[in-house]
Amino acid sequence: MNRTNNDTITRSSLEIISLSVSLAIIVALSLFGNFLLILAFIRNGRLRASFANKLIMSLAMADFLTAAFPLTYQLATVINNDIIRNGGFLCTVGGLTSYSFFFTSVFTLVMLSVDRFLALGFPLRYNRWMNPKTKVVIIAYPWIHGALFFILCAATLEVTYQPFDCSLSWSTRPLAFTLSIMMIHVGFPLCILIALNTWTQILVRAQNRRIMDYDSSEGARGNSIFRNRTQQAQNRRANIEFKLAKVSVVIIFVFLACWTPYVVTRTLSFVGASLSSGIKSAAAWCVHASSFVNPIIYSSLRADLRKEMFRVFGICKWKTDKSGSSGQNDSSVATRNISSVLPRIE
């Protein structure tokens, strides 16, 4: 369904230029970064052997498609708002796909945190829990959720033309319904990200403490060379702990930084507050920025993935280590050598 809300409000030339340039930069970075990530997976079959990397590839595909259509569509409407001013098919599809692709990306982030939590927190049980059917469900669910959201909203909600944009008409629905949608797609994923990243940190720290206690007891009975090696291993584990904490903070901070402005401005608009189009657009741009920030964060967790991306881009060439672990999941590495329980953070 589609309804228009025509008005005579116009943007200034400066606002159009600034919004167009900033969004064009976001679109270009998103397309380039995610395409580079996808191409790295296509070129290197060993990368696709890791389930965590498959989730990262799914995230890259969602973000690439987001930049290719919803963001490009929005850039076109900023440059020439007349193409959606009267509503129509483009207004409806553009408004709905923006939500669908972003929610697909958000739930893929959640699935990445779930996989990371199980692999690092319970490495001995990971392979038993993460059977092939479970992996298929984890990868497919975010896409199914996004598709169902598109279909249900298209059938039950109106897409209205507000000043400069087409969006779902939340005002025609009860407040409880709108808040539940917001909680399911933003609040709940944020809580899961915080809980899983914090719990992962606690479990890994407990594992390292047990290993360090064992190494200390063995080192007390060994010679000086053994004690030195034990101390070096303890330092490496402490460094891994620090990196895990840093990555966890970055993941949560980026999610908050991208989504908080959007949630706040949309909530204020819903309760009747008057906000300028520039402020609301800037808040939406923060969400759009997640499309190019995600590949930066998650590719930084895998050294093998970074190397292949650099090779694809032609910055530098890396020698292939035939004995590397890029085709292994985190649990198999942790099972064989618990002291290297964080192979993604290098």
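Each residue takes its place number in the sequence, starting with 1.
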S.K.: Taking Ser105 for the side chain and Leu59 for the main chain, is one N or O donor matched with an acceptor at less than 3.5 Å?
M.R.: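 Not at all, since once roles are kept as given, no pair shorter than 3.5 Å links the two residues.
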S.K.: Is it true that atom CZ of Phe35 has more than 12 heavy atoms of other residues, nucleotides or ligands lying nearer than 6.0 Å?
M.R.: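 12 or below, so no.
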S.K.: Side chains of residues 250-258: which donor-acceptor pairs under 3.5 Å do they make with residues two or more places apart or in other chains?
M.R.:
none

S.K.: Keeping Thr77 on the side-chain end and Gln74 on the backbone end, is there a donor-acceptor pair under 3.5 Å?
M.R.: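 Yes; judged by distance alone, with no hydrogens or angles, the pair exists.
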S.K.: Taking side chain as C-beta onward, heavy atoms only, is Phe188 less than 4.5 Å from Met183?
M.R.: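 When only atoms from C-beta onward are counted, Met183 and Phe188 do not touch, as no gap falls below 4.5 Å.
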S.K.: Do Thr108 and Trp143 have side-chain N/O donor and acceptor atoms under 3.5 Å apart?
M.R.: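 No, no side-chain donor-acceptor pair sits under 3.5 Å.
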S.K.: What closest approach, in Å, do Ala154 and Leu96 show between heavy atoms, and which atom pair accounts for it?
M.R.: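 Looking at all heavy atoms of both residues, the shortest contact is CB-CD1, 3.6 Å.
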S.K.: Using distance alone, with no hydrogens and no angle criterion, decide if Asn197 and Thr200 have a side-chain donor and acceptor under 3.5 Å apart.
M.R.: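 There is no such pair between these side chains.
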S.K.: With a 4.5 Å cut-off on side-chain heavy atoms, are His288 and Val27 touching?
M.R.: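 Side chain of Val27 against side chain of His288, heavy atoms only: no contact under 4.5 Å found.
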S.K.: Between Arg48 and Ile42, is there a donor-acceptor pair closer than 3.5 Å when you use the side chain of the first and the backbone of the second?
M.R.: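 Confirmed, Arg48 side chain pairs with Ile42 backbone.
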S.K.: Can you name the closest pair of heavy atoms from Leu203 and Gly121 and give their distance?
M.R.: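 Closest pair (atom of Leu203, atom of Gly121, distance): CD1-CA, 3.7 Å.
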S.K.: Looking only at non-hydrogen atoms, find the nearest pair between Ile184 and Phe107 and report the distance.
M.R.: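 Taking Ile184 first and Phe107 second, the nearest heavy atoms are O-CZ, 3.5 Å.
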S.K.: May I ask you to check whether His185 and Phe149 place their ring centers less than 6.0 Å from one another?
M.R.: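 Aromatic pair counts; centres sit under 6.0 Å.
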S.K.: Please determine whether residues Val186 and Leu148 belong to a single hydrophobic cluster, defined as Ile, Leu, Val, Met, Phe, Trp and Tyr linked transitively by side-chain heavy-atom distances below 4.5 Å.
M.R.: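 No, no single cluster joins them.
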S.K.: Would you say the side-chain atoms of Thr198 pair up with the backbone N or O of Ala195, donor to acceptor, closer than 3.5 Å?
M.R.: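 Between the backbone of Ala195 and the side chain of Thr198 there is no qualifying donor-acceptor contact (under 3.5 Å).
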S.K.: Backbone N or O of Ser290 within a donor-acceptor pair of the Asn294 side chain at under 3.5 Å?
M.R.: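 Between the backbone of Ser290 and the side chain of Asn294 there is a qualifying donor-acceptor contact (under 3.5 Å).
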S.K.: Would you list the pairs meeting side-chain hydrogen bond (donor to acceptor under 3.5 Å, both in side chains) in which at least one residue belongs to residues 27-42, sequence neighbours left out?
M.R.: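 Residue pairs passing side-chain hydrogen bond (donor to acceptor under 3.5 Å, both in side chains), neighbours aside: none found.
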S.K.: Which pair of non-hydrogen atoms, one from Ser100 and one from Phe150, has the smallest distance, and what is that distance?
M.R.: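 Taking Ser100 first and Phe150 second, the nearest heavy atoms are OG-CB, 3.2 Å.
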S.K.: If you measure only the distance, is there a donor-acceptor pair under 3.5 Å linking the side chains of Trp285 and Ser22?
M.R.: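 Yes, a side-chain donor-acceptor pair sits under 3.5 Å.
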S.K.: Same cluster or not: Val293 versus Ile25, using hydrophobic residues (I, L, V, M, F, W, Y) connected whenever any side-chain heavy atoms lie under 4.5 Å apart?
M.R.: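 Yes.
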S.K.: Identify the two heavy atoms, one from Lys54 and one from Ile139, that lie closest to each other, and give their separation to 0.1 Å.
M.R.: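 Here Lys54 and Ile139 meet closest at CB-CD1, 4.1 Å.
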S.K.: Is it the case that Asn44 and Arg311 place a side-chain donor and acceptor less than 3.5 Å from each other?
M.R.: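 No, Arg311 and Asn44 have no side-chain donor paired with an acceptor closer than 3.5 Å.
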S.K.: Taking everything shown except Met182 itself, do over 12 heavy atoms lie less than 6.0 Å from its CE?
M.R.: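 Above 12, so yes.
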S.K.: Under a 4.5 Å cut-off applied to non-hydrogen side-chain atoms, are Phe69 and Phe64 in contact?
M.R.: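 No; the side chains remain at least 4.5 Å from each other.
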S.K.: Apply ring-ring contact (aromatic ring centres under 6.0 Å, His included) to Phe117 and list each qualifying residue two or more places apart in sequence or on a separate chain.
M.R.: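 Once residues adjacent in sequence are excluded, the partners of Phe117 under the ring-ring contact (aromatic ring centres under 6.0 Å, His included) criterion are Phe122, Trp199.
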S.K.: Tell me whether Leu23 shares a hydrophobic cluster with Ile17, the cluster being built from Ile, Leu, Val, Met, Phe, Trp, Tyr side chains joined at under 4.5 Å.
M.R.: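 In one cluster with Leu23: Ile17, yes.
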S.K.: So which heavy atom on Ser291 is nearest to which on Leu71, and how close?
M.R.: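 Ser291 and Leu71 have their closest heavy atoms at OG-CD1, 4.2 Å.
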S.K.: Go through the steps to decide whether Leu37 and Met309 satisfy the test side chain to side chain contact (heavy atoms under 4.5 Å, CB included), and finish with yes or no.
M.R.: CA-CA 6 Å; Leu37 198 55; Met309 290 178 67; 3.2 Å; yes
S.K.: Is it true that Val137 and Val106 fall in one hydrophobic cluster, defined by side-chain heavy atoms closer than 4.5 Å?
M.R.: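 The answer is no; the residues belong to distinct hydrophobic clusters.
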S.K.: Ignoring hydrogens and geometry, is there a side-chain-to-backbone donor-acceptor pair from Asn53 to Leu47 under 3.5 Å?
M.R.: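 Flag set: sc Asn53 to bb Leu47 pair under 3.5 Å.
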S.K.: Please determine whether residues Ile202 and Ile192 belong to a single hydrophobic cluster, defined as Ile, Leu, Val, Met, Phe, Trp and Tyr linked transitively by side-chain heavy-atom distances below 4.5 Å.
M.R.: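 No, it is not one cluster - the side chains of Ile202 and Ile192 are not joined through contacts under 4.5 Å.
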